[in-house]
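Below: the structure, in C-alpha cells.
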Protein chains: 2
Amino acid sequence: MSASLYKHPKHHVAVDCIIFGYEDDDLKLLLSQRRFQPALGEWSLMGGWVQDDETVEKAAERVLYQITGLKDIYLEQVHVFSNPDRDPGGRVISVVFYAMIRIDKHDKDLVKEHGAVWWTFSEKPDLIFDHELMVKYAHEKLKLRASYSLIGEKLLPERFTILQLRTLYEAIFQRQFDPGNFRKKILSLKVIEKLDDKNTTDSKKGAFYYRFKKYPEEFIQERIVKQ
Amino acid sequence: MSASLYKHPKHHVAVDCIIFGYEDDDLKLLLSQRRFQPALGEWSLMGGWVQDDETVEKAAERVLYQITGLKDIYLEQVHVFSNPDRDPGGRVISVVFYAMIRIDKHDKDLVKEHGAVWWTFSEKPDLIFDHELMVKYAHEKLKLRASYSLIGEKLLPERFTILQLRTLYEAIFQRQFDPGNFRKKILSLKVIEKLDDKNTTDSKKGAFYYRFKKYPEEFIQERIVKQ
DNA sequence: ACAAAAGTGTTTCGGCTACACCCATGC
DNA sequence: GCATGGGTGTAGCCGAAACACTTTTGT
C-alpha cells in the first residue's frame, strides 16, 4: 500500500459477526469463549481485526472462514459501534455483520477447535461489552430482511419441507404463522419448487420436499411478513 | 485514553455525511468543493476525521456543527465503505451518515465560508471517489425511513401545509401521490395537528397550516408508502 | 367565468386473516 | 378410531388506489 497523505488519528477497527444457523427446528447463534484478555473466558461474538489491505467485508469473510471452513457466506452490514470505552482493552471501532450459515455444511471440528458453540437463540448466555446490543440490532435486521424476501436458502438444507421453512420463520419472528396462509404466501412468490419425494419423518401423511429455484422467475420479491 | 492492549493494524476512519434539506419545493443536498489534495476543487460530501475520544456519531455531529452551526441534528448510519483503494490519498475507512437539516434554520454564512452549496437533489454534480454510491445508499435509506414513519419534522419549517408535505414526499420518492389519498393517509396517523391560520400564497382558497404534535398519541406509526 | 388548489366522499380491488374442511397415515 | 400434520377452499375485513365532486377565491 502507498503511504498516506493524511495526518490524522488512526484506530483499531474490528469486525464482529452474529452468525445465525438453523438446526433442530430452532434458530441458532455461534458464540465463542474469549481466549485473551480482557474478559477471558466470557462469551462473545466471533470477531477479528481489519487488516491494511482488506475491506471490512473481507475481514468478516476471513473470520467466518477461519471458524467454519466456509466461503461465500451471506453477510450483511448491521451497524458500527464506536463508543471509545466500549472495549476495556482499548479504543476499538467495531463494524458488525450478521451471517447466515448452513449448519449441515460447516466444519464442526474447526468450530470445536476454536471453542465455539452453537447456542439456541432464545437460550444464549449473556455476552461481553456491547455484544448484547449488537445481537439485538442484527436480529432486527434479520427480521427486516426476512420480511422483505424469502430467506432460508442460506440456513436450511438443500431440500426442506414447508413446515421447516415455517418453523424457521417462527423462530426468527418469535411468533406463530397460520400453516395454510404461510404455505399459500410462500408458494405465490414462486421462488421454491416442489421435488418428487416426501419427508415422512415429521408427519404421517408425508410432506413434499422443496428447494430454492436456481433462477426464480421473479427476482424482485414481494413483502412477506407485515411487522 | 488509556494505552491499548492490542497490537494490530490501525486505520484512518472518516465520516461522510449526506445532508438533506428542503427548500423551494425540492429536496436538496449540501455539497462542498474539496480544499485539499487529492481531488482538490471537485465536489464531494461533507466529511471529517474520527478523533480518539469520540464515536462516529459525535464526529458526524461535529462536522455538521462546523458547517451549519446546528446541533441536535437528525442522523442515521447508512453504511461503511472500506475498499482499500477508495481514496487515492490513502487507506481510509468511511462511515456514512445521512442527516436532515431545516434549511431555514441553518447558518448560511457559515456554509458559504466553507465553500458549500445546496444542490437540488436531481441536479447535483458528479461526486468524487465512491461518494456517488454513498448518496445512492443514503437515498434508499431515506426512502425506507420515510415509508415507515412520517418524516418532515426535520426538514420542513415549523408550520407547513399538507401540500408542502406531499411535495416533500414526491421529491423523496420521485413520483406523484394522489392529493386526496395522501391527505387522508397522513391525517390518519395523528402525528400532525391543524393550526388556526391559512397559507394563502400557494392557493386561492388557502390551506390550513399544520405542525408536528409535540407528543403524538401513537408513537408507533404505521407504514406510509408501499415501495 | 375560469383555473387551481383545498378538501370530502365513493367505489373497486387485492391481499391478509381466520377458520372450516378433507386427506393420508401411523399408532 | 383418532390424532397429527398436509394441503385446499372460502368469507370477511381493511387499506390502497382511482377518481368524482364540491368549495373557495384570485385573476
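Naming convention: chains lettered A, B, ... in sequence-line order (proteins, then strands); numbering from 1 in each chain. What you see below is based on every heavy atom in this structure, not just the backbone, and it leaves out hydrogens, waters and symmetry mates.
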Roughly how many Å is it from [atom1] in [X] to [atom2] in [N], rounded to a whole number?
X	N	atom1	atom2	value
B:Asn199	D:dT25	CG	C1'	14 Å
A:Asp178	C:dA20	CG	C1'	11 Å
A:Phe182	C:dA18	CZ	C1'	17 Å
B:Asn181	C:dC13	CG	C1'	14 Å
A:Lys194	D:dT8	NZ	P	6 Å
B:Arg175	D:dA16	CZ	P	12 Å
B:Ile192	C:dG7	CD1	P	11 Å
B:Ile186	C:dT8	CD1	P	15 Å

My understanding is that only residues two or more places apart in sequence, or in another chain, count here; which of them pass ring pair (Phe, Tyr, Trp, His ring centres under 6.0 Å) with [X]?
X	result
A:His106	A:Trp118
A:Phe81	A:His79, A:Tyr137
B:Tyr209	none
B:Phe160	B:Phe212

Write out all pairs satisfying salt bridge (Lys or Arg N to Asp or Glu O under 4.0 Å) with one or both partners inside residues 148-165 of chain B, taking only residues at least two apart or from two chains.
->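 The answer is B:Arg102-B:Glu158, B:Arg159-B:Asp197.
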Phosphate contact (D:dA16 OP1 or OP2) by B:Lys185 side-chain N/O below 4.0 Å =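 Yes, because at least one side-chain N or O of B:Lys185 sits under 4.0 Å from OP1 or OP2 of D:dA16.
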Name the residue closer to the 5' end of DNA chain C, choosing between A:Thr200 and B:Tyr210 according to the nucleotide with the nearest heavy atom.
->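 It is B:Tyr210, whose closest nucleotide lies nearer the 5' terminus.
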Should the pair A:Glu54-A:Arg62 be classified as a salt bridge under the 4.0 Å nitrogen-to-oxygen rule?
->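 Counted as a salt bridge, because a side-chain N and a carboxylate O are separated by less than 4.0 Å.
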Ring centres of B:Phe121 and B:His139 under 6.0 Å apart?
->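 That pair passes the under 6.0 Å test.
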Could you list, one pair per line, each protein nitrogen or oxygen that sits under 3.5 Å from a nitrogen or oxygen of nucleotides 3-6 of chain D, together with the distance?
from  : atom 1 : to       : atom 2 : distance (Å)
D:dG6 : N3     : A:Lys205 : NZ     : 3.3

Base D:dG9 paired with A:Lys184 side chain (donor-acceptor, <3.5 Å) =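 Flag set: donor-acceptor pair detected.
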